[in-house]
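Sequence lines set the chain letters: A, B, ... in the order given, protein chains first and strands last, and positions in each chain run from 1.
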4 protein chains.
Amino acid sequence: MANKTAPDSSRRSERSRRAIFDAALALVGEVGYDKLTIEGIASRAGVGKQTIYRWWPSKAAVLLDAFTADADTYRGALPDTGDVAADLKAVLRATVDEFNDPAFQAPYRALAVAGASDEELSRTFVARLLEPGIDVYTDRLRVAREAGELAAGTDVRLGAEMLLSPFSQRWLMRTGELTYAFVDALVDQVLHGLRPRG
Amino acid sequence: MANKTAPDSSRRSERSRRAIFDAALALVGEVGYDKLTIEGIASRAGVGKQTIYRWWPSKAAVLLDAFTADADTYRGALPDTGDVAADLKAVLRATVDEFNDPAFQAPYRALAVAGASDEELSRTFVARLLEPGIDVYTDRLRVAREAGELAAGTDVRLGAEMLLSPFSQRWLMRTGELTYAFVDALVDQVLHGLRPRG
Amino acid sequence: MANKTAPDSSRRSERSRRAIFDAALALVGEVGYDKLTIEGIASRAGVGKQTIYRWWPSKAAVLLDAFTADADTYRGALPDTGDVAADLKAVLRATVDEFNDPAFQAPYRALAVAGASDEELSRTFVARLLEPGIDVYTDRLRVAREAGELAAGTDVRLGAEMLLSPFSQRWLMRTGELTYAFVDALVDQVLHGLRPRG
Amino acid sequence: MANKTAPDSSRRSERSRRAIFDAALALVGEVGYDKLTIEGIASRAGVGKQTIYRWWPSKAAVLLDAFTADADTYRGALPDTGDVAADLKAVLRATVDEFNDPAFQAPYRALAVAGASDEELSRTFVARLLEPGIDVYTDRLRVAREAGELAAGTDVRLGAEMLLSPFSQRWLMRTGELTYAFVDALVDQVLHGLRPRG
DNA sequence: ATCTAAGCGAGACGGTACGTCGCGTCTTTGC
DNA sequence: GCAAAGACGCGACGTACCGTCTCGCTTAGAT
């Protein structure tokens, strides 16, 4: 399958793999994604360049693995107190804090940028990070719909995007502040719509 | 005030400026943003590298100027037929076509990516391209609110983001297709909300 | 005769000409010949680049004019006390001091180097600086020959070169020290030859 | 001790080294020293610029190595037929031919010029090319002195300079022709001196 | 005394080369 | 046979000067 005699992953050095992840995450925080280099990672990790090239196709892929190696543990479902508005606000407020934290921002923004320009990479990025995030909202909305909290015909996937995209967009393009007030208003307006009630 | 003795813009060569814009737009379409180089632009434009460095701080800034030099003419208001849903759908469908056009995509995506990673650049990008786009939606929604088509207390700026962000996000991160059906559903769901109607 | 409509030298700015000479001599002393630039001279002299290009073909030509503008006043004949050996030693000892003086060295070495590599320039350099120097020695030796101090058939031009070249060579290529002892020995050996006396 | 982590010379590519020498010598003959560029050498040699910068500090140093890599094999002693004048004339006549040969001239003149302006480089140039040349004359003169052909107290080093410097000077500064007649007269006058014989 | 064309300071321009950085490949030497 | 180390060919970086070319401006010399 591999076109170049694939490396034997059973012989792979776990020590080097960890060192590369640590170096990549540290460096992206210090110098930013554009000035992050393979040589820099290798040097900081005390590793030969070839060891990186052997296992990853690009610096973005290294960073993606480094980021998800730490993040893969997390995941689950949104809380369900029976009040979908309250639950969404609670989780989005926590997400506000997360995206305002520099340590989280740097590698995540780097990945988003890399994904936006590199179509190949974006497939992995979307599948491993974005889709799971959308899914937990979709699931929670579906539960709410079954419970009669939402209209019967509601497109829950689209609903999830209506909640997450304005948030992501503000953060990524810096078109606005990420505050509790913003997410509260967003949840309310998404749920009630803009139309006047009959 | 200037840290390097600013060049005299009255002596500037308009011919070179245009040639640089043309070359930058052509090249970003041909090779993509990452492989776009200052040397490439200079060579294609028949211009010395220094002429680019004299007037712009980065290739992203060149591209931004090139893109807006062409785009600055456009701008206006959304149509107003009295039916806000129909008007929004009409315009968003046109925007679907625009964002599916490779000639428009390449430089715009390049700018979005550059803006996402470079905070300085993003200020200009947001102010010159994104904000004006949001504003025309905000204005149309305001008109609709005054006309009683929307609830009295509606946050029209937030409404505009709810319409545009899911669209932008799908396009930028490739999380979904941009279709007429998608924008139609988006408009309907934004206007009506997810809640069941009393 | 001129292929480009020669400049009108009657309108020439004497003030600029002096400023260029001063700047060129000062700069060659400060940064050396290789790092001497036309732009640097123009800037230091408070002069436009074109003013230099209008009147000189190269930085070497500027330097040559600058150097000879100061040096043209000097010139004359060697002393004649009747003792040719003593006269030569006296003058060469003075020349040792001159060539060990950094203020004289820098531009003179620069000119020698430029002359060595540029055949066109070397013609002027030789004619204006080297030949006159050789001539005064040739003249003094001729007088000595007429006076019977030298053998009747002596080639006085070659004699002058035998005196000056070992001196110049040591200085230019740094193959040896320039000392009084050296020039004394040189004069003696040139006059007496290496052969044992019959 | 090294200020930049010196390269590992055991890993050095001999193929590249030779290609660089060949390219440098060919180019200096074709375009001259001033128009000789590192980029030109690298390109002609099919080598990266960095490979040159890794091993040499300047184009002059490259040329010096290139020149001596070929020339290091040669070297020896002057012929000794018992007639010092004849021997000197024979060798100097051969040297006349050598210095009138363009293929030899171009790189040698380039080195002389570079050595004249760069004190650091001149140390190597003198030690590797000039001094050995002077030494063979010094040695031959010493032999002649022991054989009684020269005066007992003769300074043989100075004698060698008296033979070589007028020659070098004429060539380098173009103050005169290099002919057999010139070197014959030079040898005679150096050996006999200018004084009339008692 | 006025006009007009040249010299002038200034510096933008199309270029070439600089010396550096990082790429991705390849090779050498342990382990 | 993977890994650390790093030399290699390559391409782009951003800078420094080159020599040419306008731009006003000032400043004679001819009218």
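- E:dC13 atom C1' lies 11 Å from atom CD1 of B:Ile20, rounded to whole Å.
- The CZ-C1' distance, from C:Arg17 to E:dG7, rounds to 15 Å in whole Å.
- The CD-C1' distance, from B:Glu39 to E:dG22, rounds to 15 Å in whole Å.
- Between D:Arg12 and A:Ala42, the residue anchored closer to the 5' end of DNA chain F is A:Ala42, taking for each the nucleotide with the nearest heavy atom.
- Side-chain atoms of C:Lys49 come within donor-acceptor range of the base of F:dG19, with a qualifying N/O pair under 3.5 Å.
- Within 3.5 Å, a donor on the side chain of C:Gln50 pairs with an acceptor on the base of F:dC21, or the reverse.
- The residue among C:Ile38 and A:Ala45 whose nearest nucleotide of DNA chain F is located toward the 5' end is A:Ala45.
- Using a 4.0 Å heavy-atom criterion, one finds that A:Arg54 contacts the bases of the nucleic acid, with or without backbone contacts as well.
- Taking a cutoff of 4.0 Å between a charged side-chain nitrogen and a carboxylate oxygen, D:Asp65 and D:Arg128 qualify as a salt bridge.
- Between C:Arg44 atom CZ and E:dA10 atom P there is a gap of 15 Å when expressed in whole angstrom units.
- Taking a 6.0 Å sphere around CZ of C:Arg123, one finds it holds more than 12 heavy atoms contributed by other residues, nucleotides or ligands.
- Put simply, D:Trp55 has a side-chain N or O that comes within less than 4.0 Å of OP1 or OP2 on F:dC8.
- In this structure, D:Arg12 is positioned above the aromatic face of D:Trp55, its NZ or CZ under 6.0 Å from the six-membered ring centre and within 45° of the axis.
- One finds no side-chain N or O of C:Arg11 lying less than 4.0 angstrom from the OP1 or OP2 phosphate oxygen of F:dG29.
- Nucleic acid contact class of C:Gly46 (heavy atoms, under 4.0 Å, all strands): sugar-phosphate only.
- Taking each heavy atom of A:Leu172 and A:Arg109 in turn, the nearest pair found is O-NH2, 2.7 Å.
- In this model, the phosphate group of E:dG9 is approached by a side-chain N or O of C:Thr51 to a distance below 4.0 Å at OP1 or OP2.
- To the nearest angstrom, P of F:dT26 lies 14 Å from CZ of C:Arg15.
- Of all nucleotides listed (E:dC13, E:dG24, E:dC8), E:dC8 comes nearest to the side chain of C:Ser16.
- Checked against E:dG14, F:dC13, E:dG24, the side chain of A:Tyr53 finds its nearest nucleotide in E:dG24.
- Here the P atom of nucleotide F:dC13 and the CG atom of A:Asp34 are 13 Å apart, to the nearest Å.
- Nucleotide E:dG15 holds its P atom 18 Å from the NZ atom of D:Lys35, rounded to whole Å.
- How far CD1 of A:Ile20 is from CG of A:Leu63: 12.5 Å, rounded to the nearest 0.5 Å.
- Following rounding to the nearest Å, A:Glu14 (CD) and F:dC2 (C1') show an atom-to-atom distance of 15 Å.
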